[in-house]
Amino acid sequence: MVHNTNTTGAFLVVKYAGLLMQNNPLREDFRGKILLVTSTNGINSQDPVSAHYDSSKSAANMLVRTSAEHLSEIQVCVNALAPGWINTELNATLPPDVREKESSKIWMKRWAEPSEMARCALHLLTMPYLMGQVVMADGGYR
């Protein structure tokens, strides 16, 4: 289920968005941008327990690179935002010791707010000539 959503879902979004943008009659020099939301877990595995999630996000990151090359022919930019830890309702259910341990690995010593990820996405969508990149927004997680 996780792979179907994160990998097949991303593939289908890129495929059909690219087809729609290919026929954009408004501009021939630039037809659009596709931004996938992946995860830092697709770059730096979190834990063996999350192998299914991590591998699905890794596949989505590779999809960015391969589809960017393919869609560059029709002037469609493809990139990804790979967030780190975010304050969400789901992450709020993690045990306090896990949250504290993970926070200690973040240079900014805090988890991102959803609004900060939205601003990162907007920034990536407004950057010209950015192509085939997976940008980690993780507050300096190491």
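For residues 108-126, the set of pairs meeting the side chain to side chain donor-acceptor pair (under 3.5 Å) definition, not counting sequence neighbours, comprises Asn87-Glu113, Ser103-Trp111, Arg110-Glu116. Identified under the salt bridge (Lys or Arg N to Asp or Glu O under 4.0 Å) test for residues 80-94, with sequence neighbours left out: none. A salt bridge (Lys or Arg N to Asp or Glu O under 4.0 Å) check over residues 128-142, counting only residues at least two apart or in different chains, returns the pairs Asp138-Arg142.
Remark: the backbone N or O of Asn4 is not paired with any side-chain donor or acceptor of Thr7 at under 3.5 angstrom. Using a distance-only test at 3.5 Å, with no hydrogens or angles considered, no donor-acceptor pair links the side chain of Ser72 to the main chain of Gln75.
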**Request:** May I have the step-by-step check of side-chain hydrogen bond (donor to acceptor under 3.5 Å, both in side chains) for His3 and Ser55, ending in yes or no?
**Result:** CA-CA 8 Å; His3 261 275; Ser55 62; 2.8 Å; yes

**Request:** Begin with the C-alpha distance, continue with both residues' side-chain angles, and end with the deciding distance and a verdict on side-chain contact (heavy atoms from CB on, under 4.5 Å) for Cys120 and Val135.
**Result:** CA-CA 9 Å; Cys120 288; Val135 177; over 6 Å; no

**Request:** Mind running side-chain hydrogen bond (donor to acceptor under 3.5 Å, both in side chains) on Asn44 and Thr40 for me, showing each step along the way?
**Result:** CA-CA 6 Å; Asn44 303 311; Thr40 56; 6.0 Å; no

**Request:** Verify side-chain contact (heavy atoms from CB on, under 4.5 Å) between Leu35 and Asn79, making sure each step is shown before the conclusion.
**Result:** CA-CA 5 Å; Leu35 181 66; Asn79 295 292; 4.2 Å; yes

**Message:** If you apply the rule side-chain contact (heavy atoms from CB on, under 4.5 Å), what do you find for Val76 with Lys33, and how did you get there?
**Reply:** CA-CA 6 Å; Val76 171; Lys33 294 187 179 191; over 6 Å; no

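Applying the side chain to side chain contact (heavy atoms under 4.5 Å, CB included) rule to Pro95 yields the partners Asp97, Val98; only residues at least two apart in sequence or on another chain are considered. Residues that satisfy the side chain to side chain contact (heavy atoms under 4.5 Å, CB included) test with His70, not counting sequence neighbours, are absent from this structure. The side chain to side chain contact (heavy atoms under 4.5 Å, CB included) search around Thr38 returns Leu36, Lys57, Ala60, Asn61, Ala80, Ala82, Val134, not counting sequence neighbours.
Taking all atoms of both residues into account, the shortest heavy-atom contact from Ser67 to Val78 is OG-CG1, 3.5 Å. What you find for Met131 and Ala68 is that their closest heavy atoms are SD-CB, 3.6 Å. For Arg99 against Asn91, the heavy-atom pair with the smallest separation is NH1-O, 3.2 Å. Closest non-hydrogen pair, Ile86 versus Pro83, comes out as CD1-CB, 3.6 Å. In this structure, Ile74 and Gln22 approach most closely via the heavy-atom pair CD1-CB, 3.6 Å. Closest of all the heavy-atom pairs between Ile106 and Tyr141 is CG1-CD1, 3.7 Å.
Remark: Ser58 OG to Ile43 CD1 distance equals 8.5 Å, nearest 0.5 Å. Distance check: Met127 CE to Gln133 CD gives 9.0 Å after rounding to the nearest 0.5 Å. Between atom OH of residue Tyr53 and atom OG1 of residue Thr5 there is a gap of 11.5 Å, rounded to the nearest 0.5 Å. Interatomic distance, Cys77 SG to Met21 CE, rounded to the nearest 0.5 Å: 9.5 Å.
A chain of hydrophobic side-chain contacts below 4.5 Å, direct or via other Ile, Leu, Val, Met, Phe, Trp or Tyr residues, connects Ile34 to Phe11. No chain of hydrophobic side-chain contacts below 4.5 Å, direct or via other Ile, Leu, Val, Met, Phe, Trp or Tyr residues, connects Val2 to Leu63. When the side chains of ILVMFWY residues are joined at heavy-atom separations under 4.5 Å, either directly or via intervening members, Leu81 and Val64 end up in two distinct hydrophobic clusters. Tyr16 and Leu71 fall within the same hydrophobic cluster, where Ile, Leu, Val, Met, Phe, Trp and Tyr residues are linked whenever their side-chain heavy atoms come under 4.5 Å apart, directly or through other members.
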